[in-house]
A.B. asks: 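Starting off with a structure, shown below.
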Amino acid sequence: MQIPHAISVDSIRSTLATQILGRRIELFEQLPSTNLEATTLGESGVEHGTVVIADRQTAGRGRLGRTWFSPGVTNVYCSLVLRASLPSNRLSDWLSWLPLITALAAAEAIESVTSASISLKWPNDLLLSDRKVGGILCENVQASPSGPFQIVGIGINVNTKPEDFPEELRASATSLWNQTHAVVDRNRLIAQLLLELEHCVEELTEHGPQQLALAYQRRCSTLGRKVQASLADGSELTGCAESISQDGSLLVSTVPGSGPNRTVELRAADIIHLRS
Ligand code: BTN
């Protein structure tokens with residue numbers, strides 16, 4: 001295997017074609033978590049579109065309080081500070097679609113830079129051959145001296161070799177290298193990721209989620225599947241994932257035998273794709 005390229009701001013800028021995202025890029029060799037650093041920067045008033053990247057995280061954060069495996073030199077760990085500017089009656093839909101469109105943008109970026117085919121597990125897991133290759137953690141910071149802002153955190157397993165994953169992740173996680181056997185230049189991938197995300201955020205802000213929802217649904221391998229959902233209150237349900245609602249929730253029709261037959265709207269849940 002070739003040695004992965006080091007990340008550098010100059011290399012990212014050499015292919016970066018964005019107008020706004022990445023006007024300021026902060027690159028660190030190591031951080032506890034890029035989301036945490038981006039939050040600190042957001043509170044200090046940094047501009048919309050500021051990007052924080054680390055080569056390694058010592059306390060990478062995943063959804064639902066999990067940790068995110070974040071070894072050095074091989075992967076992408078990146079967080080953006082966004083300051084939504086739209087009327088309050090559109091903010092709630094904007095916030096609920098943000099994680100989904102970020103996953104969509106990351107999938108598009110990976111596919112334009114590699115030969116991998118990415119599908120999405122609702123709400124925002126990036127899957128490659130049914131195994132997780134990336135994840136998104138969005139956080140909404142309301143109470144800040146600089147005004148409210150959003151953190152969009154993106155982690156992609158890029159050049160990690162299968163044997164370098166911890167034992168407990170080997171069956172469920174993968175990397176781009178693991179499937180394509182080609183070393184990916186993370187600088188190029190980050191530049192493309194920022195471009196795709198800029199397009200998606202602009203579309204969501206200017207025109208709402210309609211077109212993005214269609215693109216998301218085409219990529220979402222959860223739809224039509226039998227799923228098991230773990231809900232925030234600790235309960236579980238099994239059913240068929242039918243569709244995505246207007247606010248990005250997942251509509252699941254529960255299977256007779258696992259309780260009364262009904263359609264449940266999930267706003268946040270951990271989903272497992274079951275074999276039909
Ligand atoms: C998930 O659980 O699927 C979400 C994982 C998000 C990980 C990324 S890595 C960059 C950013 N910083 C963090 O601490 N987490 C996110």
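Atoms within each ligand, like the ligands themselves, are counted from 1 in listed order.
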A.B. asks: Regarding Ser245 and Asp247, is there a side-chain donor-to-acceptor distance under 3.5 Å anywhere?
C.D. replies: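 Checked: Ser245/Asp247 side chains pair up, N/O donor to acceptor below 3.5 Å.
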
A.B. asks: By the definition side-chain contact (heavy atoms from CB on, under 4.5 Å), identify the one residue from Val133, Leu104, Leu127 that meets it with Ile118.
C.D. replies: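 Filter result, single survivor: Val133.
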
A.B. asks: In the protein, what heavy atom is nearest to atom 8 (C) of ligand 1, and what distance, to one decimal place, separates them?
C.D. replies: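 Checked against all protein heavy atoms, atom 8 (C) of ligand 1 sits closest to Gly155 N, 3.6 Å.
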
A.B. asks: List ligand 1 atoms under 4.0 Å from Cys78, heavy atoms only on the residue side.
C.D. replies: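 By the 4.0 Å cutoff, the relevant atoms are 10 (C).
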
A.B. asks: How does Asp125 reach ligand 1, if at all, at less than 4.0 Å between non-hydrogen atoms: by side chain, backbone, both, or neither?
C.D. replies: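 Side chain only; the backbone of Asp125 stays clear of ligand 1.
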
A.B. asks: Within this structure, what is the OG1-CH2 distance for the pair Thr160 and Trp177, rounded to the nearest 0.5 Å?
C.D. replies: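 Reported value, rounded in 0.5 Å steps: 10.5 Å.
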
A.B. asks: Counting non-hydrogen protein atoms only, what is the nearest one to atom 2 (O) of ligand 1? Give residue, atom name and distance.
C.D. replies: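 So the nearest neighbour among protein heavy atoms is Arg63 N, 2.7 Å.
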
A.B. asks: CG of Asn178 to CG of Asn159: how many Å apart, nearest 0.5 Å?
C.D. replies: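 That separation rounds to 11.0 Å.
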
A.B. asks: Give the residue and atom name of whichever protein heavy atom lies nearest to atom 10 (C) of ligand 1, and the separation in Å to one decimal.
C.D. replies: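 For this ligand atom, the closest protein heavy atom is Thr34 OG1, 3.2 Å.
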
A.B. asks: With nothing but distance in play, are any N or O atoms of Lys132 less than 3.5 Å from an N or O of ligand 1?
C.D. replies: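 Min N/O separation from ligand 1 is below 3.5 Å for Lys132.
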
A.B. asks: For atom 5 (C) of ligand 1, what is the nearest protein heavy atom, given as residue, atom name and distance?
C.D. replies: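 Closest protein heavy atom to atom 5 (C) of ligand 1: Trp68 CE3, 3.4 Å.
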
A.B. asks: List the closest protein heavy-atom neighbour of atom 15 (N) of ligand 1: residue, atom name, distance to the nearest 0.1 Å.
C.D. replies: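 Its nearest protein heavy-atom neighbour is Arg61 O, 2.7 Å.
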
A.B. asks: What atoms in ligand 1 come closer than 4.0 Å to a heavy atom of Ser79?
C.D. replies: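 That gives atoms 11 (C), 12 (N) of ligand 1.
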
A.B. asks: Using side chain to side chain donor-acceptor pair (under 3.5 Å), reason through Gln57 and Gln30 one step at a time and then give a plain yes or no.
C.D. replies: CA-CA 6 Å; Gln57 298 184 117; Gln30 177 172 301; over 6 Å; no

A.B. asks: Examine the proximity of ligand 1 to Ser70 and report which part, side chain or backbone, both or neither, has a heavy atom under 4.0 Å away.
C.D. replies: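 It is neither part, as no heavy atom is under 4.0 Å.
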
A.B. asks: Can we say Lys121 and Asp130 salt-bridge, meaning some charged N sits less than 4.0 Å from an Asp/Glu carboxylate O?
C.D. replies: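 Here Lys121 does not pair with Asp130 in a salt bridge, since their nearest N and O are not under 4.0 Å apart.
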
A.B. asks: Quick check: is Leu137 connected to Leu80 through a chain of hydrophobic side chains (ILVMFWY, heavy atoms under 4.5 Å apart)?
C.D. replies: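 As far as the 4.5 Å side-chain criterion goes, Leu137 and Leu80 are not connected within one cluster.
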
A.B. asks: State the CZ-NE2 distance between Arg188 and His5, to the nearest 0.5 angstrom.
C.D. replies: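 Here the rounded value is 12.0 Å.
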
A.B. asks: Out of Lys121, Gln57, Glu37, who gets a non-hydrogen atom closest to atom 13 (C) of ligand 1?
C.D. replies: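 Answer by nearest heavy atom: Gln57.
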
A.B. asks: Is ligand 1 less than 4.0 angstrom away from at least one heavy atom of Arg66?
C.D. replies: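 Distance cut 4.0 Å: Arg66 fails for ligand 1.
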
A.B. asks: Does Leu64 approach ligand 1 within less than 4.0 angstrom via side chain, backbone, both or neither, non-hydrogen atoms only?
C.D. replies: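 It is neither part, as no heavy atom is under 4.0 Å.
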
A.B. asks: How about CD on Glu29, more than 12 heavy atoms from neighbouring residues, nucleotides or ligands closer than 6.0 Å, or not?
C.D. replies: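 Not more than 12 within 6.0 Å, no.
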
